Protein chains: 2
Amino acid sequence: MVKNRNFIEKLRELGLRPTKQRVKMCEVLFNREKTFHFTINDLVKMISEEMNEKISLATVYNTVHALEKKGYLKEISINSDKSYFDTNTSVHHHFYDEDTQELIDCDGNDIDPINIKKNITGKKINSVEVLVKVASDNQNQK
Amino acid sequence: MVKNRNFIEKLRELGLRPTKQRVKMCEVLFNREKTFHFTINDLVKMISEEMNEKISLATVYNTVHALEKKGYLKEISINSDKSYFDTNTSVHHHFYDEDTQELIDCDGNDIDPINIKKNITGKKINSVEVLVKVASDNQNQK
DNA sequence: ATCTACATTATAATAATTCTAAACTGTTGA
DNA sequence: TCAACAGTTTAGAATTATTATAATGTAGAT
């Protein structure tokens with residue numbers, strides 16, 4: 001209950017009207033110990049279950065993109081066939097398990113800072129992301 | 001002409017029957033000074049123009065995937081909305097210009113080797129790729 | 001030249017995402 | 001408190017990228 005109130009405030013601050021769908025989405029996304037990765041479909045399922053009623057796909061897309069634009073979610077590109085999002089918006093890298101299609105966060109100690117020596121005139125660096133693809137040891141590479 | 005012959009041999013070595021569509025695709029992809037990046041749609045257009053006749057989308061998809069599986073093309077994930085391929089199959093990283101949606105190769109000197117300190121038991125690393133997103137200096141981040 | 005297996009093609013099917021237009025609901029202010 | 005407006009939600013249609021299908025075509029062996 002108190003948590004709902006927090007999300008209502010948060011959404012207001014972001015200029016997003018706190019509808020029940022958005023508040024529920026925030027609970028599902030941010031009301032947890034650890035950050036996590038999800039696809040839009042994952043999220044629709046989770047919210048529908050928590051609310052005991054359907055939520056429109058379009059609403060989930062809209063709100064996810066709104067939260068992404070505000071910096072509360074980050075999109076992660078792995079394959080072109082699915083979009084993954086991450087509630088951990090800090091700069092960090094990922095392992096991707098090609099066997100299980102699971103994303104795993106790297107923390108700061110897993111990979112040394114990346115040193116970019118090239119710079120493109122007139123452009124500034126927005127992000128630097130490392131993706132490490134792993135697979136079972138006794139299996140051919142993709 | 002001589003070049004065609006080369007591609008015919010190459011395709012045979014790969015176990016791919018050298019049809020005229022595949023030979024033309026190889027010319028378009030590999031018969032050039034520098035490696036380059038393309039989407040499936042780019043490629044369909046390029047081949048259709050070079051051949052002065054249509055080529056089926058399905059054929060392009062099939063052959064691109066065949067060449068990818070054989071290691072002559074590499075897929076690059078940037079956004080989920082498009083698949084980019086690269087004729088440069090060596091290990092290298094990319095800049096992505098968010099303004100122009102252009103991909104730019106990094107060569108070995110642009111980024112120091114990435115040191116991965118984490119390892120996941122029973123899994124081996126298949127690839128380590130860095131994507132540096134850049135955008136115009138006087139513009140908000142995506 | 002003929003045959004056969006593999007390729008190509010147009011088209012249909014699927015999947016992810018975005019659009020649309022009508023119905024609904026926070027919020028503001030009288 | 002409540003009417004009114006602007007922003008939201010929704011179902012379903014539209015769009016886009018990709019894959020599947022099944023009929024036709026063709027490379028390569030005999």
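Heavy atoms only: backbone and side chains are in, while hydrogens, waters and symmetry mates are out. By convention in this document, chain letters (A, B, ...) are assigned in the order of the sequence lines, proteins followed by strands, and residues within each chain are numbered from 1. Since we're looking at a predicted model, the values are computed, not measured.
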Inset, instruction - Report yes if a side-chain nitrogen or oxygen of A/Q21 is closer than 4.0 Å to either non-bridging phosphate oxygen (OP1 or OP2) of C/dT25; otherwise report no. - result: no

Inset, instruction - Compare side-chain N and O positions of A/R12 against OP1 and OP2 of C/dT27 and report whether any pair is under 4.0 Å apart. - result: yes

Inset, instruction - Would you confirm whether A/R12, through its side chain, and A/P18, through its main-chain N or O, come within 3.5 Å as a donor-acceptor pair? - result: no

Legend entry - Short side-chain N/O contact from A/T63 to OP1 or OP2 of D/dT8, under 4.0 Å: no

Legend entry - Over all atoms of both residues, closest heavy-atom pair of B/K74 and B/T89: CD-O, 3.8 Å

Inset, instruction - Tell me, please, which residues at least two apart from A/F38 pass ring-ring contact (aromatic ring centres under 6.0 Å, His included). - result: A/F36, A/F85

Legend entry - Side chain A/K70, main chain A/L14, donor-acceptor under 3.5 Å: yes

Inset, instruction - Give the rounded distance in Å between these two atoms: NZ of A/K20 and C1' of C/dT25. - result: 10 Å

Inset, instruction - Specify the residues of residues 40-60 of chain B, ordered by number, for which at least one heavy atom lies under 4.0 angstrom from an atom of DNA chain D. - result: B/N41, B/L57, B/A58

Legend entry - Polar side-chain atom of B/D99 near backbone of B/S136 as donor-acceptor pair, under 3.5 Å: yes

Inset, instruction - Would you please confirm or rule out a distance under 4.0 Å between OP1 or OP2 of D/dT9 and any side-chain N or O of A/T19? - result: yes

Inset, instruction - Could you state the atom-to-atom distance from CG of B/L16 to C1' of C/dT8 in whole Å? - result: 14 Å

Legend entry - Between D/dT18 (C1') and B/E75 (CD): distance, integer Å: 11 Å

Inset, instruction - Write down the distance between CD1 (A/I78) and P (C/dA16), rounded to a whole number of angstrom. - result: 15 Å

Inset, instruction - Quickly work out the A/L14 CG to D/dT8 P distance and round it to whole Å. - result: 12 Å

Legend entry - Interatomic distance where CG belongs to B/N62 and P belongs to D/dT19 [whole Å]: 9 Å

Inset, instruction - Using only side-chain N and O atoms of B/R22, determine if any of them is under 4.0 Å from OP1 or OP2 of D/dA27. - result: no

Legend entry - Protein-nucleotide distance (A/E68, atom CD; C/dT17, atom P), rounded to Å: 12 Å

Legend entry - C/dT17 OP1/OP2 closer than 4.0 Å to side-chain N/O of A/Y61: yes

Legend entry - Among D/dT19, C/dT18, C/dG26, the nucleotide that comes nearest once only the side chain of A/H65 is considered: C/dT18

Inset, instruction - Starting at atom CE of B/M25, determine the distance to atom C1' of C/dT9, rounded to an integer number of angstrom. - result: 13 Å

Legend entry - CZ on B/F7 to NZ on B/K24, rounded to 0.5 Å: 10.5 Å

Legend entry - Any side-chain donor near an acceptor of the partner, A/N62 and A/T59, under 3.5 Å: no

